[in-house]
Asker: 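Mind having a look at this structure? Questions to follow.
Just so it is clear, the values below take in all heavy atoms, side chains as well, and ignore hydrogens, waters and symmetry mates. We're numbering straight along the sequence, starting at 1. The structure displayed is predicted, hence computed values, not measured ones.
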Amino acid sequence: MIKAILTDIEGTITRISFVKEVLFPYAAKQLATFMRLNENKPHVAEQIAAVKAIINEPDADIENVISVLLKWIEEDKKITPLKQIQGLIWQTGYEHGDFKGHLYADAFEFLQAQHAQGTALYVYSSGSVRAQQLLFKYSDYGDIRPLFNDFFDTKVGAKQEQAAYNTIVNQLPFSANEILFLSDVAGELDAAKAAGLNTLHLIRDGQAHSAHPYVHDFSTVKLEQFA
(Lines give C-alpha, C1' and ligand atoms only; values in the text may rest on other atoms or scores of the structure.)
Protein backbone atom coordinates (compact mmCIF):
# COMPACT_ATOMS: atom_id res chain seq x y z
CA MET A 1 0.00 0.00 0.00
CA ILE A 2 1.30 3.45 -0.93
CA LYS A 3 1.64 5.60 2.18
CA ALA A 4 3.85 8.37 0.79
CA ILE A 5 4.46 10.17 -2.49
CA LEU A 6 7.82 11.64 -3.46
CA THR A 7 7.48 14.00 -6.41
CA ASP A 8 9.76 15.75 -8.83
CA ILE A 9 8.76 19.30 -9.79
CA GLU A 10 9.86 20.39 -13.27
CA GLY A 11 7.92 18.60 -16.00
CA THR A 12 5.96 16.59 -13.44
CA ILE A 13 3.81 19.01 -11.45
CA THR A 14 4.96 22.21 -13.20
CA ARG A 15 5.39 23.03 -16.87
CA ILE A 16 9.01 22.70 -18.03
CA SER A 17 8.73 26.05 -19.80
CA PHE A 18 8.12 27.81 -16.46
CA VAL A 19 11.62 26.93 -15.35
CA LYS A 20 13.28 27.27 -18.76
CA GLU A 21 11.53 30.44 -19.87
CA VAL A 22 10.85 32.28 -16.59
CA LEU A 23 13.06 31.19 -13.70
CA PHE A 24 16.36 30.46 -15.47
CA PRO A 25 16.41 33.69 -17.53
CA TYR A 26 15.49 35.74 -14.45
CA ALA A 27 18.35 34.25 -12.45
CA ALA A 28 20.80 34.70 -15.32
CA LYS A 29 19.84 38.36 -15.71
CA GLN A 30 20.09 39.14 -11.99
CA LEU A 31 23.04 36.93 -11.07
CA ALA A 32 26.02 39.24 -11.63
CA THR A 33 24.52 42.15 -9.69
CA PHE A 34 23.28 39.86 -6.93
CA MET A 35 26.68 38.22 -6.48
CA ARG A 36 28.60 41.49 -6.40
CA LEU A 37 26.22 43.00 -3.84
CA ASN A 38 26.05 39.95 -1.59
CA GLU A 39 29.38 38.13 -1.92
CA ASN A 40 30.35 38.85 1.70
CA LYS A 41 27.08 37.68 3.24
CA PRO A 42 27.58 34.27 4.91
CA HIS A 43 24.90 32.36 2.97
CA VAL A 44 26.32 33.61 -0.35
CA ALA A 45 29.98 33.33 0.65
CA GLU A 46 29.36 29.66 1.48
CA GLN A 47 28.17 28.99 -2.07
CA ILE A 48 31.06 30.97 -3.57
CA ALA A 49 33.48 28.78 -1.63
CA ALA A 50 31.70 25.70 -2.95
CA VAL A 51 32.03 26.93 -6.55
CA LYS A 52 35.76 27.55 -6.06
CA ALA A 53 36.18 24.06 -4.66
CA ILE A 54 34.35 22.46 -7.60
CA ILE A 55 36.47 24.29 -10.19
CA ASN A 56 39.60 23.79 -8.06
CA GLU A 57 40.44 27.51 -8.10
CA PRO A 58 40.58 28.63 -4.45
CA ASP A 59 41.81 32.11 -5.43
CA ALA A 60 39.18 32.80 -8.10
CA ASP A 61 37.76 36.31 -7.84
CA ILE A 62 34.06 37.14 -7.89
CA GLU A 63 34.03 37.85 -11.63
CA ASN A 64 35.41 34.39 -12.37
CA VAL A 65 32.81 32.83 -10.08
CA ILE A 66 30.06 34.76 -11.85
CA SER A 67 31.31 33.55 -15.24
CA VAL A 68 31.30 29.94 -14.04
CA LEU A 69 27.77 30.24 -12.65
CA LEU A 70 26.42 31.79 -15.84
CA LYS A 71 28.05 29.02 -17.87
CA TRP A 72 26.44 26.41 -15.62
CA ILE A 73 23.04 28.07 -16.12
CA GLU A 74 23.53 28.02 -19.89
CA GLU A 75 24.47 24.33 -19.74
CA ASP A 76 21.60 23.52 -17.32
CA LYS A 77 23.98 21.99 -14.79
CA LYS A 78 22.44 20.43 -11.68
CA ILE A 79 25.20 21.65 -9.37
CA THR A 80 24.29 22.36 -5.74
CA PRO A 81 25.88 25.82 -5.22
CA LEU A 82 24.31 27.07 -8.46
CA LYS A 83 20.90 25.82 -7.34
CA GLN A 84 21.34 27.43 -3.93
CA ILE A 85 22.22 30.80 -5.50
CA GLN A 86 19.37 30.60 -8.00
CA GLY A 87 17.01 30.02 -5.10
CA LEU A 88 18.26 33.16 -3.37
CA ILE A 89 17.75 35.22 -6.53
CA TRP A 90 14.29 33.77 -7.22
CA GLN A 91 13.24 34.69 -3.70
CA THR A 92 13.50 38.36 -4.67
CA GLY A 93 11.46 37.77 -7.82
CA TYR A 94 8.68 35.99 -5.97
CA GLU A 95 8.57 38.57 -3.18
CA HIS A 96 8.40 41.42 -5.69
CA GLY A 97 5.61 39.73 -7.64
CA ASP A 98 7.70 39.38 -10.79
CA PHE A 99 6.19 35.90 -11.28
CA LYS A 100 4.21 33.20 -9.46
CA GLY A 101 5.02 29.52 -9.02
CA HIS A 102 3.30 27.62 -11.80
CA LEU A 103 1.54 24.31 -11.10
CA TYR A 104 -0.57 22.19 -13.42
CA ALA A 105 -4.19 22.28 -12.27
CA ASP A 106 -4.45 18.48 -12.32
CA ALA A 107 -1.26 18.21 -10.24
CA PHE A 108 -2.55 20.61 -7.60
CA GLU A 109 -5.89 18.79 -7.38
CA PHE A 110 -4.10 15.43 -7.06
CA LEU A 111 -1.73 16.64 -4.35
CA GLN A 112 -4.55 18.33 -2.45
CA ALA A 113 -6.67 15.16 -2.60
CA GLN A 114 -3.81 12.92 -1.48
CA HIS A 115 -3.03 15.22 1.43
CA ALA A 116 -6.70 15.17 2.48
CA GLN A 117 -6.64 11.36 2.39
CA GLY A 118 -3.63 11.23 4.70
CA THR A 119 -0.93 10.36 2.17
CA ALA A 120 2.40 11.90 3.17
CA LEU A 121 3.81 14.16 0.44
CA TYR A 122 7.50 14.87 -0.18
CA VAL A 123 9.41 16.75 -2.87
CA TYR A 124 12.74 15.82 -4.46
CA SER A 125 14.01 18.30 -7.03
CA SER A 126 17.33 19.46 -8.45
CA GLY A 127 16.25 22.96 -7.44
CA SER A 128 17.27 23.91 -3.91
CA VAL A 129 14.89 23.37 -1.02
CA ARG A 130 14.69 27.16 -0.77
CA ALA A 131 13.61 27.39 -4.42
CA GLN A 132 11.05 24.62 -3.96
CA GLN A 133 9.48 26.30 -0.94
CA LEU A 134 9.34 29.64 -2.73
CA LEU A 135 7.52 28.10 -5.69
CA PHE A 136 4.95 26.57 -3.38
CA LYS A 137 4.65 29.63 -1.15
CA TYR A 138 3.95 31.93 -4.11
CA SER A 139 2.09 29.40 -6.29
CA ASP A 140 -0.86 29.99 -8.60
CA TYR A 141 -2.97 28.49 -5.79
CA GLY A 142 -1.53 30.52 -2.92
CA ASP A 143 0.74 29.13 -0.22
CA ILE A 144 0.51 25.35 -0.53
CA ARG A 145 3.59 24.46 1.54
CA PRO A 146 1.38 22.89 4.25
CA LEU A 147 0.56 20.07 1.80
CA PHE A 148 4.11 18.74 2.06
CA ASN A 149 5.87 16.90 4.85
CA ASP A 150 9.44 17.64 3.73
CA PHE A 151 11.66 18.70 0.84
CA PHE A 152 14.87 17.24 -0.63
CA ASP A 153 17.39 18.60 -3.13
CA THR A 154 20.73 17.49 -4.57
CA LYS A 155 22.33 17.63 -1.13
CA VAL A 156 21.09 14.03 -0.78
CA GLY A 157 22.68 13.09 -4.11
CA ALA A 158 22.09 13.23 -7.86
CA LYS A 159 18.60 12.40 -9.06
CA GLN A 160 19.70 9.62 -11.41
CA GLU A 161 21.70 7.79 -8.75
CA GLN A 162 20.15 5.05 -6.61
CA ALA A 163 22.09 6.17 -3.53
CA ALA A 164 20.09 9.43 -3.37
CA TYR A 165 16.82 7.53 -3.05
CA ASN A 166 18.31 5.21 -0.45
CA THR A 167 19.27 8.30 1.55
CA ILE A 168 15.76 9.75 1.29
CA VAL A 169 14.11 6.47 2.33
CA ASN A 170 16.39 6.29 5.35
CA GLN A 171 15.08 9.70 6.45
CA LEU A 172 11.39 8.80 6.08
CA PRO A 173 9.18 6.71 8.37
CA PHE A 174 8.21 4.43 5.46
CA SER A 175 9.64 1.42 3.69
CA ALA A 176 10.76 1.95 0.09
CA ASN A 177 7.87 -0.16 -1.23
CA GLU A 178 5.39 2.15 0.53
CA ILE A 179 6.62 5.17 -1.45
CA LEU A 180 5.60 6.23 -4.97
CA PHE A 181 8.06 8.41 -6.90
CA LEU A 182 6.71 10.71 -9.63
CA SER A 183 8.92 12.06 -12.41
CA ASP A 184 9.02 12.90 -16.11
CA VAL A 185 12.60 11.58 -16.46
CA ALA A 186 13.12 7.86 -17.07
CA GLY A 187 16.65 7.89 -15.61
CA GLU A 188 15.34 9.23 -12.30
CA LEU A 189 12.61 6.60 -12.24
CA ASP A 190 15.16 3.87 -12.95
CA ALA A 191 17.27 5.00 -9.98
CA ALA A 192 14.24 5.17 -7.67
CA LYS A 193 13.04 1.73 -8.75
CA ALA A 194 16.51 0.30 -8.09
CA ALA A 195 16.16 1.65 -4.54
CA GLY A 196 12.87 -0.23 -4.14
CA LEU A 197 10.39 2.61 -4.67
CA ASN A 198 7.28 2.36 -6.80
CA THR A 199 7.42 4.64 -9.84
CA LEU A 200 5.09 6.57 -12.12
CA HIS A 201 6.20 8.28 -15.32
CA LEU A 202 4.51 11.60 -16.19
CA ILE A 203 4.59 11.99 -19.97
CA ARG A 204 3.33 15.50 -20.60
CA ASP A 205 5.45 16.84 -23.47
CA GLY A 206 5.85 13.95 -25.86
CA GLN A 207 8.67 12.16 -24.03
CA ALA A 208 9.38 8.60 -25.04
CA HIS A 209 7.61 5.94 -23.02
CA SER A 210 9.66 3.92 -20.56
CA ALA A 211 9.29 0.60 -18.78
CA HIS A 212 7.58 2.39 -15.88
CA PRO A 213 3.81 2.80 -15.46
CA TYR A 214 2.85 6.11 -17.02
CA VAL A 215 0.08 8.70 -17.28
CA HIS A 216 -0.33 11.92 -19.24
CA ASP A 217 -1.86 13.80 -16.31
CA PHE A 218 -2.96 13.07 -12.76
CA SER A 219 -6.68 12.69 -13.42
CA THR A 220 -6.37 8.90 -13.93
CA VAL A 221 -3.87 8.08 -11.16
CA LYS A 222 -5.07 5.51 -8.65
CA LEU A 223 -2.70 4.53 -5.87
CA GLU A 224 -4.43 1.17 -5.57
CA GLN A 225 -2.70 0.01 -8.75
CA PHE A 226 0.62 0.03 -6.85
CA ALA A 227 -0.63 -2.11 -3.96
Side-chain angles (χ1 to χ4, degrees), residues 4-30 73 76-80 82-115 119-154 156 158-160 164 168 180-189 192 199-208 210 212 214-221:
I5 291 173
L6 177 67
T7 184
D8 169 52
I9 295 179
E10 180 184 350
T12 301
I13 60 174
T14 73
R15 189 176 296 108
I16 289 177
S17 61
F18 172 68
V19 176
K20 302 290 186 185
E21 298 174 11
V22 178
L23 293 184
F24 280 6
Y26 186 89
K29 182 178 180 181
Q30 303 291 331
I73 290 177
D76 192 21
K77 295 291 188 181
K78 313 295 186 183
I79 300 176
T80 297
L82 169 63
K83 295 302 179 182
Q84 298 297 319
I85 289 168
Q86 285 176 318
L88 292 168
I89 295 171
W90 291 332
Q91 179 173 349
T92 301
Y94 282 115
E95 290 176 346
H96 289 176
D98 295 338
F99 44 78
K100 289 185 177 181
H102 161 72
L103 272 86
Y104 285 113
D106 62 276
F108 170 68
E109 291 167 5
F110 173 77
L111 294 169
Q112 189 177 48
Q114 292 304 317
H115 175 75
T119 306
L121 302 177
Y122 301 89
V123 178
Y124 178 31
S125 174
S126 58
S128 69
V129 168
R130 179 190 297 270
Q132 297 170 32
Q133 292 177 338
L134 287 168
L135 186 152
F136 295 127
K137 179 179 180 180
Y138 296 98
S139 85
D140 295 329
Y141 301 93
D143 187 353
I144 63 169
R145 290 175 298 171
L147 293 180
F148 302 99
N149 294 67
D150 207 349
F151 304 84
F152 300 94
D153 58 22
T154 52
V156 302
K159 294 188 70 183
Q160 297 195 31
I168 291 173
L180 175 64
F181 176 57
L182 313 172
S183 178
D184 65 319
V185 178
E188 297 176 3
L189 295 163
T199 55
L200 182 63
H201 194 172
L202 272 294
I203 300 177
R204 291 188 179 272
D205 297 304
Q207 302 100 320
S210 67
H212 302 272
Y214 70 89
V215 293
H216 294 288
D217 62 57
F218 285 103
S219 63
T220 60
V221 176

Asker: Considering non-hydrogen atoms only, spot the tightest contact between Tyr141 and Leu103 and give its length.
Answerer: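 Looks like CE1-O, 3.9 Å.
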
Asker: Counting distance only, does the side-chain N/O of His212 pair as donor-acceptor with the main-chain N or O of His201 below 3.5 Å?
Answerer: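 No, the answer is negative, given that no donor and acceptor are paired below the 3.5 Å cut-off.
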
Asker: Start with the C-alpha distance between Ile203 and Val215, add both sets of side-chain angles, then the distance that settles side chain to side chain contact (heavy atoms under 4.5 Å, CB included), and finish with yes or no.
Answerer: CA-CA 6 Å; Ile203 300 177; Val215 293; over 6 Å; no

Asker: Taking the side chain as every heavy atom from C-beta outward, state whether Tyr124 and Val156 have any pair of such atoms under 4.5 Å apart.
Answerer: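 Side-chain contact under 4.5 Å: yes.
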
Asker: Would you say Asp153's side chain and Val129's backbone share a donor-acceptor pair under 3.5 angstrom?
Answerer: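 Yes.
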
Asker: Please check if the distance between the ring centroids of Phe136 and Phe148 is under 6.0 Å.
Answerer: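 Yes; Phe148 has its ring centre under 6.0 Å from that of Phe136.
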
Asker: Between Phe110 and Ile5, is any pair of side-chain heavy atoms under 4.5 Å apart?
Answerer: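 Yes, close enough: below the 4.5 Å cut-off.
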
Asker: Going from CD on Gln133 to CZ on Arg145, what distance comes out if it is rounded to the nearest 0.5 angstrom?
Answerer: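 Nearest 0.5 Å value for the CD-CZ distance: 6.5 Å.
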
Asker: Give the minimum heavy-atom separation between Ala131 and Gly87, together with the two atoms involved.
Answerer: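 Scanning both residues completely, I find the closest heavy atoms to be CB-CA, 4.0 Å.
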
Asker: Would you compute the distance between atom CD1 of Ile79 and atom CD1 of Ile85 and round it to the nearest 0.5 angstrom?
Answerer: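 These two atoms lie 11.0 Å from each other.
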
Asker: Can you tell if the side chain of Leu121 reaches within under 4.5 Å of the side chain of Gln114, non-hydrogen atoms only?
Answerer: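 In contact.
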
Asker: Is there a donor-acceptor contact under 3.5 Å from the side chain of Trp90 to the main chain of Leu23?
Answerer: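 Indeed, once roles are kept as given, a pair shorter than 3.5 Å links the two residues.
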
Asker: Using a 3.5 Å distance criterion without hydrogens, assess whether the side chain of Gln132 forms a donor-acceptor pair with backbone atoms of Phe152.
Answerer: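 Looks like yes, one N/O pair under 3.5 Å.
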
Asker: Given Arg130 and Gln91, is the side chain to side chain donor-acceptor pair (under 3.5 Å) satisfied, shown in steps?
Answerer: CA-CA 8 Å; Arg130 179 190 297 270; Gln91 179 173 349; 2.9 Å; yes

Asker: How long is the span from the OG1 atom in Thr7 to the CD1 atom in Ile9, to the nearest 0.5 Å?
Answerer: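 Here the interatomic distance stands at 7.5 Å.
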
Asker: To the nearest 0.5 Å, how far apart are CG in Leu135 and CG in Asp140?
Answerer: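 Taking CG in Leu135 and CG in Asp140, the distance rounds to 8.5 Å.
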
Asker: Do the rings of Tyr26 and Phe99 sit parallel, tilted or perpendicular, given the 30° and 60° boundaries?
Answerer: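 Geometry flag for Phe99 against Tyr26: perpendicular rings.
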
Asker: Could you check whether atom NZ of Lys77 has more than 12 heavy atoms from other residues, nucleotides or ligands sitting under 6.0 Å from it?
Answerer: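 For Lys77, atom NZ is not crowded (no more than 12 foreign heavy atoms under 6.0 Å).
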
Asker: Closer than 4.0 angstrom, basic N to acidic O: yes or no for Asp106 and Arg204?
Answerer: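 A salt bridge links Asp106 with Arg204.
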
Asker: Calculate, to the nearest 0.5 Å, the distance between atoms OG1 and CD belonging to Thr92 and Glu95 respectively.
Answerer: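 Separation between the atoms: 6.0 Å.
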
Asker: Ignoring hydrogens, what is the shortest heavy-atom contact between Leu182 and Phe218? Give both atom names and the distance.
Answerer: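 Result for this residue pair: CD1-CE2, 3.7 Å.
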
Asker: Testing the basics here: between Asp8 and Ile13, what is the closest heavy-atom pair and its distance to 0.1 Å?
Answerer: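 Heavy atoms of Asp8 and Ile13 come nearest at O-CG1, 3.7 Å.
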
Asker: Mind listing the closest non-hydrogen atom pair of Arg15 and Ser17 along with its distance?
Answerer: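 Result for this residue pair: CD-OG, 2.9 Å.
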
Asker: Relative to Tyr94, does Lys100 satisfy both conditions: NZ or CZ under 6.0 angstrom from the six-membered ring centre, and within 45 degrees of the ring's axis?
Answerer: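 Here Lys100 fails the 6.0 Å and 45° test against Tyr94.
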
Asker: Determine yes or no for a side-chain-to-main-chain donor-acceptor pair under 3.5 angstrom, with Gln86 supplying the side chain and Gly127 the backbone.
Answerer: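 Flag not set: sc Gln86 to bb Gly127 has no pair under 3.5 Å.
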
Asker: For this output row, return yes or no: ring centroids of Phe151 and Tyr122 closer than 6.0 angstrom.
Answerer: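 No, they do not, as the ring centres are separated by 6.0 Å or more.
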
Asker: Please name the pair of heavy atoms, one in Thr14 and one in His102, separated by the smallest distance, quoted to 0.1 Å.
Answerer: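 Reported closest heavy-atom pair: CG2-O, 2.9 Å.
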
Asker: Just checking, any donor-acceptor pair under 3.5 angstrom between side chains of Thr154 and Ser126?
Answerer: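 The answer is no; no qualifying pair exists.
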
Asker: Quick one, Phe181 and Leu200 - any side-chain contact, counting heavy atoms below 4.5 Å?
Answerer: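 No, side chains not in contact.
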
Asker: Could you check whether Asp76 pairs with Lys20 (Lys NZ or Arg NE/NH1/NH2 to Asp/Glu carboxylate O, under 4.0 Å)?
Answerer: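 Result for this pair is yes, salt bridge flagged.
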
